[in-house]
A.B. asks: 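Quick one: structure below, then a few questions.
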4 protein chains.
Amino acid sequence: MLTSDEQNTAQRARTDLAKDQRRMSLLMAALDEFFEKGFSAARMQDIAKRVHLSKGTLYLYFDSKQALFKALIEEVALPTLTTTLQQSIGDQPAPAALKALMQNVTRVIRHSPLPRIVKVIIADGKAFPDLVSFYRTQVLDRVFTLIDSLLQKGVQQGHWYCLDTALSARLVVAPILFSVIWRMVFEADEYGLPDQQAKLDLDALLQLHTNNLLLILATKPELGSQPEAHHV
Amino acid sequence: MLTSDEQNTAQRARTDLAKDQRRMSLLMAALDEFFEKGFSAARMQDIAKRVHLSKGTLYLYFDSKQALFKALIEEVALPTLTTTLQQSIGDQPAPAALKALMQNVTRVIRHSPLPRIVKVIIADGKAFPDLVSFYRTQVLDRVFTLIDSLLQKGVQQGHWYCLDTALSARLVVAPILFSVIWRMVFEADEYGLPDQQAKLDLDALLQLHTNNLLLILATKPELGSQPEAHHV
Amino acid sequence: MLTSDEQNTAQRARTDLAKDQRRMSLLMAALDEFFEKGFSAARMQDIAKRVHLSKGTLYLYFDSKQALFKALIEEVALPTLTTTLQQSIGDQPAPAALKALMQNVTRVIRHSPLPRIVKVIIADGKAFPDLVSFYRTQVLDRVFTLIDSLLQKGVQQGHWYCLDTALSARLVVAPILFSVIWRMVFEADEYGLPDQQAKLDLDALLQLHTNNLLLILATKPELGSQPEAHHV
Amino acid sequence: MLTSDEQNTAQRARTDLAKDQRRMSLLMAALDEFFEKGFSAARMQDIAKRVHLSKGTLYLYFDSKQALFKALIEEVALPTLTTTLQQSIGDQPAPAALKALMQNVTRVIRHSPLPRIVKVIIADGKAFPDLVSFYRTQVLDRVFTLIDSLLQKGVQQGHWYCLDTALSARLVVAPILFSVIWRMVFEADEYGLPDQQAKLDLDALLQLHTNNLLLILATKPELGSQPEAHHV
DNA sequence: GATGAATGAGAATTCATTCAT
DNA sequence: AATGAATGAATTCTCATTCAT
C-alpha cells in the first residue's frame, strides 16, 4: 500500500474547485517558466513538472502552448491588477490618494506576479499581437485612466496644477516600469550571486519619485513654459 | 539566361573591409530577428536571408547562434551608446546640457539600434547572464554615471539642489526607458496598422519630463521633507 | 481503414522488461549500422528504422549517438564475451581445454555479435579512446589472461613446454582475429553476391591452427633456440 | 616584398614531377586523416591543410572525396606492397627466405603506410566494395600466393611438410595482421601517453611466430591427424 | 594553379502534441 | 483524470563542392 507521497500518479482533481486550483497552479508555473526562459524556450514538460504533474495532464487543462500563454495574460494579468489597484484610491483627497497608490505599487512590485507578466509581455508579446492589444486596453489603459482621473481630481480639488494629465500619467508610471524592469532583468534571484551593485532601492526610488510628483503638481506653471501637450 | 543580378550566389566579401561590413550587416539582421521573434524563436536561416546570404555563410562569420547574440551585445550596444551620448554634454552649463542630452535621447530612440537592443536584453538576457552583467556595467552604469556627474555639476554650479544625485539619475532615465519599451512593445510597425490609440508622443513626453526635471532640480528642498536617499 | 498492424505508431514499451528489451534491440540495430557504415556515416534514423521506431524514440533510450556507441561497447561486448568464453574451459586437462576453447571460438565467430563489435572498435575506436581502453582491459586482457593461464596450466601439468605464455597467448588469438577480420571485411553477406573466392573455411583454418598449437606446445624447445621473450 | 614563407598562396606546381609529388603528398595526408578519423568523419579541408594547401587545390588533384579514397587504395597500396615484398624472397632456400620475409614484414609494419591502409580498408571498405575486391585480389591474394609458393618450394626442396599450403599461408599472415591491428588500434600515438601496458613487442612476437612456423613445417604430420584441409 | 567565400543538402537533436493504458 | 512512450516537424550546425578572382 502506498501513501500518497509514494504514488507516481498525482491526486486527481475531482471537484470543480480542485480543477480551478490546478489550472491556476499550472498558470503560475507557466508564468515562471515563460519569465525565465521566454515563451519559445520554455518547455511544456518543465511547466508541468513544476507542479508535479505530467505533460499529458497539462494538456487536459490547456489545448496548446499558445493557449496556455493566452490564458496567462487573460486570466492572471487582469484580476491581479484590478484587485490590487482599485482599492488604493478610495475617497481620500488626491495627494493622499497618490501617496497611497505609490505605496500599493511598491507592494505589487514586490509580491504580485504582475511584474513577471510585464516582462513576459515585453519579451514575447510580438508573437501574440492580439494579446498585447488586449493587455494594453484592458490593463494598461485602465491604469493610465485611473491615474489620469486622479490627477484631474486633484486639479479640480485645487490641490494641483496639471495641463496634460494624460501625458503626466505616463510620467507617473515611468519610474514604476523602470523599477520593474530593473528588478526583473538586472537583479538575478536565481542562481549565483546577484550583483550587489545592481540592487535598486525600490522604496527610496519610489519615495523620491512621489515627492517629486507632489512638488511638480503643486507648482503653478508659468504661462508659456509648458509645451503644448499632445496626448497619447 | 541569368543576368548577373539574378545569380543565386552572393557577391563575395574578399577584402577585410567588405568582410567587416558583411559582419555588421549580419549583426543588424540578427538584431532585427531577435527583436521581433526573441532569441530562441529566431531562425539562423532567416537572419541570413535578411541580407540575402545563406545560413552557411552566416556561420563563416559567427560560430553559433549564441556567439551571434554575444557579438551583438558586445559590438553594437557599446559603440552606439558611447558615440551618441558622450558628445551630448560638452562644456555648456548644466541645465543647457540636460536639455541637449534629452534631445539627443529622442534622436537615439528614433534612429539608433539601441532601443531594439534594450528590448532584446530585457527579453533574452536571462539566458546570457554574463552579457547582461557586461551590458549593465559597460553601458548602463556609464549612462547613470554620466547623468550623475551632470547633476553634481549643476549643484556645484549653483543651478540645482539635489540630495541624491545617483537616485535622481534613475528618475531621469525612467521616462526614457518607458518610451523605449512603449514604442518597442505597443507600437507595432510591422504588420497591419499599429493601433493608432497606442501611439506615444515621444517629443511631448520627453519635453514635459525635461521641464519637470528642471523644475524639481531648481527647487530647494525643505529640510526633512526628502527621505534619506539610498542609492542604487 | 487500418488494421492494428498497419498503425504508424509502435507498440509502447510500458514495463521495465519491455523497455530493456527495446533498449537491447536498439543496441543491436546500432551495432549493425555502425558495423556496416561506421560510426560517423551511420544515421540515427536508420538505426531506429531497423526496429521500426522513430528517431525520437531512439532518443528516449540514448542521449546521443555517442552515448549509443558507448552503451554498445559497455553493455554488449563484455557480457557477450564473459558468458561465452568462461564456460569453455572448465576442469579438463589443458589440451582438451584448448580444443574446446577453439571450438567455442568458432561458434562465437559465427553466432555472436562479438566479431561485429571487434570490427566497429577497430574502425571507430580512435574517436573513443576511453572506450577502447576499457575494451582492451575489460575484454581483451581477460581473454589473454585466460589463455595465458591455460598455457601455464598445461605446462604445470606436464603436457606442454612454453617459455613465454603471455606472448604465446597472442599467437593463439592471432588466427582468430584474422578470421574475424576476413569474414567481416572480405565476405560481404549483405548486398550483391559475396565473392565466392573470398570465402574462408573457418573450421578448417582453426582446426589447422589448433593442431599446430598442440604440436608446438608439445615440443620441448632446444636451449637457446627461443628468443628471450618480452611480453606485451 | 614577401619571402616565400610569408605568402599566403602556396608555390605552384608547374612541372609534371612537381604535380606528381603534390598529388602523392595529398594522398599521404588523406591516408593520415582517413586513418585517424575514418572516411566519413575526415574533412577535405583538414587533408589539404596537412600539406599547407587549400580545399580548392585539393579538388584540382582529385574530383571528390570518394575519388581521393579510391586513388589512395589503388595508387598507394599496390606499389608499396610489391616494392617491399617481392624483394624479400629472392633465390635463397625456403627456410632462409621465410626468415627474411618475416624480417621485412617487421620493417614494413614499422615504416610503410601499409598498416594504416589496412586499417582504413577494414574500417571504411564497406562503402567501397569494388575497392575492397580490388585490394583483395591485387594485394592480398598476391601475398598469399607468394607465401603459398614459398611453402610449396620448401616442400619440394625437402625442407618442410605441409599438406595445405594455401591454408597455412593464412596462418603465416595471421600474427602479422594481429600485430598491425594491435598497433593501429590499441597503441595510440597521438595524444597523451599510450597505455604502456598495451605495448606489443613486435620483434619478439614475430620472432616467436617464425620459430613456431619453422618447427611446424619441419614436423612430419602423422597420418590422419591433419584434417582434410579446404582452402580459401 | 591556388584560393577561400558561398552554398545547401544532410544529419543530430529537441520538443509540442497525441493517445493507449 | 493522469501518465509518459512515441512521433516527426523543425532547427542548429557541418562540410563537400563550386567558382570568381
Side-chain angles (χ1 to χ4, degrees), chain A residues 7-14 18-19 22 40-46 48 52-61 63-66 68, chain B residues 4 7-14 18-19 22 40-46 48 52-66, chain C residues 4 7-14 18-19 22 40-46 48 52-66 68, chain D residues 7-14 18-19 22 40-48 52-61 63-66 68:
Chain A
Q7 296 178 238
N8 54 11
T9 295
Q11 276 299 321
R12 291 195 179 189
R14 283 170 210 278
K19 287 192 214 173
R22 184 151 285 185
S40 185
R43 297 163 72 246
M44 293 297 267
Q45 174 143 264
D46 291 341
H52 306 293
L53 290 173
S54 69
K55 282 194 310 265
T57 305
L58 177 49
Y59 277 89
L60 294 178
Y61 290 87
D63 284 346
S64 68
K65 198 181 181 185
Q66 298 229 351
L68 181 53
Chain B
S4 64
Q7 300 177 234
N8 55 9
T9 295
Q11 276 300 317
R12 296 190 186 181
R14 214 166 302 274
K19 285 196 237 180
R22 182 149 287 185
S40 187
R43 297 164 69 247
M44 293 297 269
Q45 183 151 29
D46 291 342
H52 307 292
L53 291 172
S54 68
K55 62 182 150 51
T57 305
L58 176 50
Y59 279 92
L60 294 179
Y61 290 86
F62 301 95
D63 284 345
S64 68
K65 198 181 181 184
Q66 298 229 351
Chain C
S4 64
Q7 299 178 234
N8 54 9
T9 295
Q11 274 301 317
R12 296 191 187 181
R14 214 167 299 275
K19 284 195 237 180
R22 183 148 286 185
S40 186
R43 296 164 71 246
M44 291 298 268
Q45 184 150 29
D46 291 342
H52 306 293
L53 290 172
S54 68
K55 59 183 150 49
T57 304
L58 176 50
Y59 279 92
L60 294 178
Y61 290 86
F62 301 94
D63 284 346
S64 67
K65 199 180 181 185
Q66 297 228 352
L68 181 53
Chain D
Q7 296 179 239
N8 52 13
T9 294
Q11 276 299 321
R12 293 195 177 189
R14 281 169 212 279
K19 287 192 215 174
R22 184 150 287 185
S40 185
R43 297 164 71 246
M44 292 296 268
Q45 175 142 263
D46 292 341
I47 293 170
H52 308 291
L53 290 173
S54 68
K55 283 194 308 270
T57 305
L58 177 50
Y59 277 89
L60 294 177
Y61 290 87
D63 284 346
S64 68
K65 199 181 181 185
Q66 298 228 351
L68 182 53

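Labels below follow one simple rule: chain letters A, B, ... track the order of the sequence lines, proteins then strands, and each chain is numbered from 1.
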A.B. asks: NA contact type, A/Lys55, heavy-atom cut-off 4.0 Å: base, sugar-phosphate, or nothing?
C.D. replies: base
A.B. asks: Under 3.5 Å, is there a donor-acceptor pair between the side chain of C/Lys19 and the main chain of C/Tyr61?
C.D. replies: no
A.B. asks: How many whole angstroms separate atom NZ of C/Lys65 from atom P of E/dG10?
C.D. replies: 16 Å
A.B. asks: For DNA chain E, what dot-bracket results from Watson-Crick or G-U pairs at under 3.5 Å, with [ ] for crossers and | for inter-strand partners?
C.D. replies: .||||||||||||||||||||
A.B. asks: Would you say D/Ser54 places a side-chain N or O within less than 4.0 Å of OP1 or OP2 belonging to E/dA2?
C.D. replies: no
A.B. asks: Would you tell me if any nitrogen or oxygen in the side chain of D/Thr57 comes within less than 4.0 Å of OP1 or OP2 on E/dT3?
C.D. replies: yes
A.B. asks: Which nucleotide wins on minimum distance to the side chain of B/Leu60, given the candidates E/dT7, F/dA2, E/dT17?
C.D. replies: E/dT7
A.B. asks: Can you list everything that forms a side-chain contact (heavy atoms from CB on, under 4.5 Å) with A/Ala48? Sequence neighbours excluded, please.
C.D. replies: A/Leu58
A.B. asks: Could you tell me whether the phosphate oxygens of F/dA2, OP1 or OP2, come under 4.0 Å of any side-chain nitrogen or oxygen in A/Tyr59?
C.D. replies: no
A.B. asks: Both D/Asp63 and B/Arg14 contact DNA chain F. Which one's nearest nucleotide lies toward the 5' end?
C.D. replies: D/Asp63
A.B. asks: Find which nucleotide of DNA chain E each of C/Ala42 and B/Ala13 is nearest to by heavy atoms, and output the residue with the more 5' nucleotide.
C.D. replies: B/Ala13
A.B. asks: Between P on E/dT13 and CG on C/Leu68, what's the gap in Å once rounded to a whole number?
C.D. replies: 10 Å
A.B. asks: Quick one: pull up CD in D/Gln45 and NZ in D/Lys55 and give me the separation to the nearest 0.5 Å.
C.D. replies: 4.5 Å
A.B. asks: Measuring from the side chain of C/Arg43 (C-beta onward, heavy atoms only), which nucleotide among F/dA16, E/dA12, E/dT13 has the closest atom?
C.D. replies: E/dA12
A.B. asks: Between D/Arg12 and E/dA2, is there a side-chain N or O to OP1/OP2 distance below 4.0 Å?
C.D. replies: no
A.B. asks: Look at all strands and tell whether D/Tyr61 reaches a base, only sugar-phosphate, or nothing, counting heavy atoms closer than 4.0 Å.
C.D. replies: sugar-phosphate
A.B. asks: OP1 or OP2 of F/dA2 less than 4.0 angstrom from a side-chain nitrogen or oxygen of A/Arg22, does that happen here?
C.D. replies: yes
A.B. asks: Report yes if a side-chain nitrogen or oxygen of A/Lys19 is closer than 4.0 Å to either non-bridging phosphate oxygen (OP1 or OP2) of F/dA1; otherwise report no.
C.D. replies: yes
